[in-house]
Amino acid sequence: MTERQGHAVRLSEHELSEIRMLIEERTGICFDESRERFFSTRVREHVIAKKLAGGTELLRAIRKTNVEYEALLESLLTQETSFFRYPGVYQAFEKRLLPELHIKKFWKNPRTLRVWSAGCSTGEEAYSIAITIADALSFADSWKLEILATDVSRNALKQAERGLYKGRSVASVSEKQLTTHFNKVKDSYQVKTRLQKMITFAQMNLASAVYVGRMDLIFCMNVMIYFTEERRRTLVQRFYDSLEPGGYLFLGHSESISKMPVKFQAIVLNDCILYRKPTAEELHKTELVMEGGMV
């Protein structure tokens, strides 16, 4: 039992289960047995921080208002992220995908490139995508570039829109990239306006089907680990439907869609797996393509 100012915080297994079910019902996020200790600890800390009597009062509050529900969700989903967190992914993006898209779309008018960062957290992933495009794409200024960055957390999105980062978050950003794409503000780095204009941040619950238009690339890194198997299937199908033929999906290293019925082509590049949506002519070819290195 946790103590708060001399009063015991009452939080029964039944109440924890109710809270868990409410979150899963609303967002599709599932705190299974492997996260049981983490979940109960975070909920208790939240009850203490909010000066509530216990689980019953918390349940009443999160059922009553969205603000209270989102505050609890924030405390459960806080995760540390950083720029270029998975170097292999950005290498594949720069060396393989961008040249391919450049050839495919160069003569189109308008020449558009649409990317979705699904579960963008505090924005490092979306800005990493924007930096890679700005640095690697020939005549980037002549493209209509649109990056949609979505997350369920309002606080994370506020931080993302601010575009101010420091410390470990920017440790993998090169000196040249810091000079080109950021302004130094005391001990922090402010993303320059040109980069910010490429990105639209929006609150979105991935458990709800929202039309986002056709995408060339979708990044959904380490988000599906929070979902039930059924929700994962639904989400992967949505990603497939949202992609242009020949478009790509990036997932986290521990996330696999090999047992799902969608017809993605899995392409292995070094330590990275890309999932490509086949064109109409290629639909009968779904085998795993193995490639040793970058082209």
Side-chain angles (χ1 to χ4, degrees), residues 1-82 85 118-125 150-160 202-210 220-239 251-257 259-260:
M1 199 66 75
T2 313
E3 295 293 323
R4 173 177 59 79
Q5 298 171 339
H7 298 287
V9 170
R10 299 186 187 282
L11 208 55
S12 69
E13 283 306 314
H14 176 70
E15 286 162 347
L16 283 168
S17 178
E18 286 275 303
I19 294 163
R20 200 182 283 115
M21 278 162 60
L22 183 70
I23 290 169
E24 189 176 328
E25 198 179 288
R26 287 197 193 178
T27 57
I29 293 166
C30 172
F31 291 95
D32 58 14
E33 283 112 46
S34 66
R35 294 191 181 86
E36 206 166 296
R37 184 177 287 182
F38 164 86
F39 180 78
S40 58
T41 304
R42 283 287 175 96
V43 171
R44 284 178 195 280
E45 285 168 357
H46 183 77
V47 167
I48 293 164
K50 287 280 180 179
K51 298 183 167 59
L52 300 171
T56 306
E57 203 177 336
L58 176 62
L59 272 162
R60 197 180 299 129
I62 62 176
R63 283 185 177 132
K64 196 175 174 184
T65 75
N66 248 352
V67 175
E68 290 299 330
Y69 169 72
E70 283 183 9
L72 172 64
L73 207 56
E74 298 280 355
S75 63
L76 290 166
L77 296 180
T78 306
Q79 56 181 29
E80 195 176 311
T81 183
S82 58
R85 192 172 179 187
C120 67
S121 188
T122 45
E124 286 91 336
E125 178 180 275
T150 65
D151 201 89
V152 73
S153 163
R154 282 183 207 272
N155 278 352
L157 290 168
K158 274 182 198 162
Q159 206 173 321
Q203 189 186 28
M204 187 189 289
N205 177 355
L206 287 176
S208 309
V210 178
C220 188
M221 312 288 291
N222 298 326
V223 176
M224 294 204 303
I225 51 171
Y226 291 104
F227 293 150
T228 59
E229 187 62 32
E230 189 187 340
R231 296 269 189 179
R232 279 178 211 158
R233 283 172 182 269
T234 307
L235 189 55
V236 168
Q237 185 61 56
R238 262 180 65 207
F239 288 153
L251 295 175
H253 283 66
S254 60
E255 297 166 317
S256 170
I257 60 171
K259 292 173 187 166
M260 293 188 188

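We number each residue from 1, following the sequence as shown.
L16 contributes atom CG, which lies 4.5 Å from atom CG of L11 (distance to the nearest 0.5 angstrom). Taking OG1 of T150 as the reference point, atom CG of L157 lies at 8.0 Å (rounded to 0.5 Å). The structure places CD of E125 at 9.0 Å from CG of N222, a figure rounded to the nearest 0.5 Å. In this structure, L73 CG and L22 CG are separated by 10.0 Å, a value rounded to the nearest 0.5 Å. For the atom pair CG of L58 and CG of L72, the computed distance is 5.5 Å after rounding to the nearest 0.5 Å. Between S40 atom OG and E45 atom CD the span is 9.5 Å, to the nearest 0.5 Å.
Closest non-hydrogen pair, A207 versus R231, comes out as CB-NH1, 3.3 Å. The heavy-atom pair separating C30 from T228 by the smallest distance is CB-CG2, 3.7 Å. Listed here is the closest heavy atom pair of N205 and R26: ND2-O, 2.7 Å. Taking each heavy atom of T41 and R37 in turn, the nearest pair found is OG1-O, 2.7 Å.
The side-chain contact (heavy atoms from CB on, under 4.5 Å) test applied to V223 returns L206, C220, F227, not counting sequence neighbours. Every residue meeting the side-chain contact (heavy atoms from CB on, under 4.5 Å) condition with R238, not counting sequence neighbours, appears here in chain and number order: W116, M204, A209, L235. Residues passing the side chain to side chain donor-acceptor pair (under 3.5 Å) test with Y69, sequence neighbours excluded: none. A search for side chain to side chain donor-acceptor pair (under 3.5 Å) contacts involving S153 returns E74, not counting sequence neighbours. The salt bridge (Lys or Arg N to Asp or Glu O under 4.0 Å) search around R232 returns E229, not counting sequence neighbours. E24 pairs by the salt bridge (Lys or Arg N to Asp or Glu O under 4.0 Å) definition with nothing, not counting sequence neighbours. Listed by chain and residue number, nothing satisfies the side chain to side chain donor-acceptor pair (under 3.5 Å) test with S121 (two or more places apart in sequence, or in another chain). E70 meets the salt bridge (Lys or Arg N to Asp or Glu O under 4.0 Å) test with R154; sequence neighbours excluded. For K50, the side-chain contact (heavy atoms from CB on, under 4.5 Å) partners at least two apart in sequence or on another chain are H46, L52, E68, A71. Applying the salt bridge (Lys or Arg N to Asp or Glu O under 4.0 Å) criterion to R63, with sequence neighbours excluded, gives E18. Not counting sequence neighbours, the partners of R20 by the side-chain contact (heavy atoms from CB on, under 4.5 Å) test are S17, F31, E36, F39.
For the side-chain hydrogen bond (donor to acceptor under 3.5 Å, both in side chains) condition, the pairs that include at least one residue of residues 53-62, sequence neighbours left out, are E15-T56.
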Worked verdict on R35 versus L76 for side-chain contact (heavy atoms from CB on, under 4.5 Å): CA-CA 11 Å; R35 294 191 181 86; L76 290 166; over 6 Å; no
